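Report on one structure; see the data block that follows.
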Amino acid sequence: MGAAVLPILFFTSLWAAVGIGGSIITPHGPQRQLIQCILMLTAGCCWLFWLCCYMAQMNPLIGPRLSRRAIQIIADSWNMPIKEG
Amino acid sequence: MGDMFRSEQMALCQMFIQPEAAYTSVSELGETGCVQFRDLNCTVNVFQRKFVTEVRRCDELERKIRYIETEIKKDGIALPDIQDDIPRAPNPREIIDLEAHLEKTETEMIELAQNEVNMKSNYLELTELRKVLENTQGFFSDQEVLNLDTSNRGGAGGDDAVVQHRGRLGFVAGVINRERVFGFERMLWRISRGNVFLKRSDLDEPLNDPATGHPIFKTVFVAFFQGEQLKNRIKKVCTGFHASLYPCPSSHVEREEMVKNVRTRLEDLKLVLSQTEDHRSRVLATVSKNLPSWSIMVKKMKAIYHTLNLFNMDVTKKCLIGECWVPTKDLHVVQKALSDGSAAVGSTIPSFLNVIDTHEQPPTFNRTNKFTRGFQNLIDAYGIASYRECNPALYTCITFPFLFAVMFGDLGHGLILLLFGAWMVLSENKLSRIKGGGEIWNIFFGGRYIILLMGLFSCYTGIIYNDIFSKSMNLFGTNWVNNYNTSTVLSNKHLQMSPNTSAQGVYPLGLDPIWQLADNKIIFLNSFKMKLSIIIGVLHMIFGVCMSVFNFVHFKRYSSILLEFVPQILFLMLLFGYMCFMMFFKWFKYNGFTSNQPETPGCAPSVLIMFINMMLFKNTPPLSGCKEYMFESQPQLQKAFVVIGLLCIPWMLLGKPLYIKMTRSKQVAHVKHNGELTGNMELAEGETPLPTGSTGNESAGGAHGHDDEPMSEIYIHQAIHTIEYVLSTISHTASYLRLWALSLAHAQLSEVLWNMVLSMGLKMPPYTGAIGLFIIFGAWCLFTLAILVMMEGLSAFLHTLRLHWVEFMSKFYEGLGYAFQPFSFKAIIDGEEEE
């Protein structure tokens, strides 16, 4: 399983804070329910979107197919030197 | 619940207003904009209503104002713009003042115009005379010894006879339009049999026609003839050809004198003309300051009288009665307006408001602010919600931009949209005053909050898709490592990384940046985006079906919860919710690190094939070493789900009609029972039963009046609903795949633009390449804005709208209401300005 605890915890708590925490702390006023609804929907949609993307990459079934040029560029720019041999 | 959750509660009210206070009360009500009046005089002809004369007065005032406005526009004076200080409707004293003012100004303008025309024609005559005198100089220079002018001589017949006798030539001089000269000459030749001699000279500058103001080219002519009869004939021809004749002395001295005379008269006339112009401008300038506010006051007055025409005069002629719809929350505002109106007139008898009960369907009113108005308009464009039905616009505020962003996901394009939306929102005060922007601008400006939110969400989905103008950002370092050694790399053109050796962890935020460099990026993205679309779609639809529960609870149709909602949600969740579960399970179960053969990526089954097999009760033999199912007891679970799902269909089809049939027969039996008890009352079979408590609620509030529909209709109705629902679960679920399709198209277009346009510019040699890059960047920007932002944006907007209207709202929305159109001055004035 490729998933790590930290990102999941971080993003889940982030959107929970926005959705649930934000709804609690909205000031009382005529628009309170509208703002609560907006915050909860936003948090729900954005969290679901992030989650699907994360889970799709957790256990990948295929890997990227790179051209020789791309491998050489990655080795150089992203600091992933090719093994000798 | 909140304001936007469902439409507001409306009350039907009767208003009793004293006739003296009627005008001011209605004026106050118009300022508040809370009531929608009903027409109590539908049967009465428009021209026979009570306040027709007042409406005519207003029409007359409007006509005068329009006339003055055209005159002001002709002179090019600018009318001031009143945005903040809108005047109220005028009271009777102000009306009289207004009428007097407008009358005076109008008569003055008409007089001035008339005088101007007269003076201009005078000016024209004098100018023509001067031209004649100047141009005929040449004709007479050799003839001046002979005193030839016949026109200046008294008209005494004797003199002419003497002249004629002596065989002298007479002449007439005048001016004619240049285009008529040849016809004129031909005609003179014909009537005189060649005995007339015409000399003409063209005028160089055109003269202005006083009536139309157009410049016309003219010609000066002198016709020489002999004899009295010929003179008359010539004069008749001149009149026929609209030539103006002028007295022209032939003697040089007299001519000089005349020219001097004419010149001074011309100067005087010019002075008078300019003074008239100045006076006219001054009058118009003074009027133009007040004209816009007068115009608004007259509009308001007319609106008030039109509204008063909707009222009924009661029998005792003591007060006016009106019926109106008022939102229950605004009743106190209306009361206050009525009391203000009475107080303004000083009436001792107050007007009052009476709420009456009714079974009619009230209008639908959703109180919106500037943010929610755009989204409410999107929903209302499909159909106005039925009275007190759940309002989808509340959720559309977020789901609409979100679904748009799933299709439009690109950080760069999202930023462009965000900036555009933010500019419109931040300067909305200034931009809302622009009047002549055109319909397209109005549409964009009206949707500024929608565009702002779409931009925000597109930025977020752009970050998750890791796509900024078709490039990816590497923020956290890629989680794929290259395990091949140098010789393998150098000897292969392409190398595929294997997930079990190369994947090390998951990129925390979004898509790993290595996929942008991969050749098989689309294969991976397709799988991800398709699953994402179906998951989002099924969730959206489940949400829609659940909304119907709120409607059932509110309209007290509790039976429908069991008979309609439960089978619908079961069908949807057991089949398509299960498919989403399979997708999530597949993401968990199959990975590259396991040693268990059935769990390796090679054995991962296709979710779609599994779903089809489930529905058709089929089996596909798996590959060797792999298992067919993902978990134990999956086949039994699937069979159970399909059977329950299939059972839901007759449940949906027959549940509600059978229930209605049962309740109806119970009703009739109940009434029949009552009839026998009270004596010999015989109730016929099909007689309408008296409404009992339980069934009365069936028709309360909703648009379904089931009490009067025959059973066959109900069966057919329900059959259509069932078939529609069952088929729509499949078709709508597949329809959500457009989220995948459009996002793929957007990403590919973006990539094509990079590969074919901008990267060409970056590969050019230096120095010349700098100029080339400058031009290519301009082309790239143009294509990005025109194709990717505008065209793709509009396309995604349309598809999102369709997803909301069809896939989401068909699950619960009725949309059979009519909009609340209050009597509001603001709406009337804004509406007229748009025209």
Side-chain angles (χ1 to χ4, degrees), chain A residues 1-11 14-15 19 29-75 77-85, chain B residues 1-5 369 372 394-395 397-399 402 460-461 464 474 477-478 480-487 489-490 492-499 502-503 505-508 510-512 514-515 517-521 523-524 527-528 531-532 535-536 584 587-588 590-593 601 604:
Chain A
M1 185 88 120
V5 174
L6 187 58
I8 297 181
L9 205 60
F10 175 71
F11 284 104
L14 170 72
W15 291 116
Q31 309 295 349
R32 183 160 199 250
Q33 268 143 343
L34 176 67
I35 297 178
Q36 282 176 331
C37 186
I38 286 178
L39 283 173
M40 286 196 280
L41 270 175
T42 308
C45 291
C46 292
W47 177 75
L48 177 69
F49 196 69
W50 170 83
L51 184 74
C52 285
C53 190
Y54 192 85
M55 286 177 62
Q57 295 183 98
M58 227 162 46
N59 296 320
L61 301 178
I62 58 169
R65 181 165 168 267
L66 299 170
S67 64
R68 186 191 323 154
R69 193 103 182 85
I71 297 180
Q72 288 170 329
I73 292 174
I74 294 176
S77 327
W78 287 356
N79 222 3
M80 284 201 322
I82 312 175
K83 282 201 291 242
E84 299 300 322
Chain B
M1 273 288 189
D3 276 324
M4 273 199 71
F5 183 65
N369 54 29
T372 52
L394 177 60
Y395 315 105
C397 289
I398 292 296
T399 56
F402 178 67
Y460 178 72
T461 56
I464 302 283
N474 190 357
T478 180
W480 290 85
V481 288
N482 175 22
N483 284 327
Y484 299 105
N485 53 18
T486 328
S487 52
V489 170
L490 287 174
N492 286 315
K493 271 200 141 169
H494 298 273
L495 282 173
Q496 174 114 16
M497 292 192 184
S498 162
S502 298
V506 190
Y507 195 73
L511 205 62
D512 199 299
I514 202 166
W515 287 107
L517 306 165
D519 298 330
N520 59 350
K521 163 182 161 198
I523 301 179
F524 177 73
S527 159
F528 159 57
K531 292 198 173 79
L532 174 74
I535 291 171
I536 292 178
F584 277 107
W587 275 340
F588 269 107
Y590 299 92
N591 58 67
F593 315 108

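Just so it is clear, the structure is predicted and the values come from calculations on it, not from any experiment. Just so we're on the same page: letters track the sequence lines, and every chain starts at 1.
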(message) My understanding is that only residues two or more places apart in sequence, or in another chain, count here; which of them pass ring pair (Phe, Tyr, Trp, His ring centres under 6.0 Å) with B:Phe584?
(response) B:Trp587
(message) Counting only non-hydrogen atoms closer than 4.5 Å, does B:Tyr395 touch chain A with its backbone (N, CA, C, O), its side chain (CB onward), both, or neither?
(response) both
(message) Please give me the minimum heavy-atom distance between A:Gly63 and B:Pro499, naming the atom from each residue.
(response) N-CD, 4.0 Å
(message) Using a 3.5 Å distance criterion without hydrogens, assess whether the side chain of A:Asn59 forms a donor-acceptor pair with backbone atoms of B:Phe588.
(response) yes
(request) Could you tell me whether a side-chain N or O of B:Asn482 sits under 3.5 Å from a main-chain N or O of A:Ile74, the two making a donor and an acceptor? (result) no
(request) Would you indicate whether the side-chain heavy atoms of B:Ile514 and A:Leu66 approach each other to under 4.5 Å? (result) yes
(message) Set out, in order, the CA-CA distance, both residues' side-chain angles and the distance that settles ring-ring contact (aromatic ring centres under 6.0 Å, His included) for B:Phe402 and A:Trp47, then state yes or no.
(response) CA-CA 12 Å; B:Phe402 178 67; A:Trp47 177 75; over 10 Å; no
(request) Locate the shortest heavy-atom distance separating A:Cys53 from B:Gly510; write the atom from each residue and the value. (result) SG-C, 3.5 Å
(message) Rounded at 0.5 Å granularity, tell me how far CD in A:Gln57 sits from CZ in B:Phe528.
(response) 7.5 Å
(request) Could you check which of A:Pro7, A:Pro30, A:Cys37, A:Cys52 has the highest count of heavy-atom pairs closer than 4.5 Å to chain B? (result) A:Cys52
(request) Find the distance between CD1 (A:Ile82) and CG (B:Leu490) and round it off to the nearest 0.5 Å. (result) 7.0 Å
(message) Can you tell me which portion of A:Phe11 sits under 4.5 Å from chain B's heavy atoms? Options are side chain, backbone, both or neither.
(response) side chain
(message) Could you measure the distance from the CH2 atom of B:Trp515 to the CZ atom of A:Arg65? Nearest 0.5 Å is fine.
(response) 12.0 Å
(request) Using non-hydrogen atoms and a 4.5 Å limit, figure out which bit of B:Ser527 sits close to chain A: side chain, backbone, both or neither. (result) neither
(message) Please classify the contact between A:Leu41 and chain B as side chain, backbone, both or neither, with a heavy-atom cut-off of under 4.5 Å.
(response) both
(request) Classify the angle between the aromatic ring planes of B:Tyr460 and A:Trp15 as parallel (below 30°), tilted (30 to 60°) or perpendicular (above 60°). (result) perpendicular
(request) Calculate, to the nearest 0.5 Å, the distance between atoms CZ and NE2 belonging to A:Arg69 and B:His494 respectively. (result) 13.5 Å
(message) Under a 4.5 Å cutoff for heavy-atom pairs, which residue among A:Cys46, A:Gly44, A:Ala70 has the most contacts with chain B?
(response) A:Cys46
(request) Heavy-atom pairs under 4.5 Å with chain A are the metric here; pick the option from B:Thr399, B:Asn492, B:Ile536 that has the most. (result) B:Asn492
(request) Side chain from CB out, backbone as N, CA, C, O: work out which of these in B:Asn483 comes under 4.5 Å of a heavy atom of chain A, or both, or neither. (result) both
(message) What's the separation between atom CD in A:Glu84 and atom CG in B:Asn485, rounded to the nearest 0.5 Å?
(response) 9.0 Å
(message) I want to check something: taking the side chain as every heavy atom from C-beta on, are B:Asn369 and A:Gln31 in contact at a cut-off of under 4.5 Å?
(response) yes
(request) State, with a plain yes or no, whether a side-chain heavy atom of A:Arg68 is found less than 4.5 Å away from one of B:Leu495. (result) no
(request) Ignoring hydrogens and angles, tell me if any N or O in the side chain of A:Ser67 forms a donor-acceptor pair with the backbone of B:Lys493 under 3.5 Å. (result) no
(request) Begin with the C-alpha distance, continue with both residues' side-chain angles, and end with the deciding distance and a verdict on side-chain contact (heavy atoms from CB on, under 4.5 Å) for B:Thr478 and A:Met80. (result) CA-CA 10 Å; B:Thr478 180; A:Met80 284 201 322; 4.1 Å; yes
(request) Answer with side chain, backbone, both or neither: which region of B:Asp519 has an atom nearer than 4.5 Å to a non-hydrogen atom of chain A? (result) both
(message) Quick check on B:Ile535 against chain A: is it the side chain, the backbone, both or neither that has a heavy atom closer than 4.5 Å?
(response) side chain
(request) Return the minimal non-hydrogen interatomic distance between A:Leu61 and B:Ala604, and the atom names on each side. (result) CD1-CB, 3.9 Å
(request) Measure the CD-CD1 distance between B:Gln496 and A:Ile62 for me, rounded to the nearest 0.5 Å. (result) 6.5 Å
(request) Please confirm whether B:Tyr507 and A:Trp50 have ring centers closer than 6.0 angstrom. (result) no
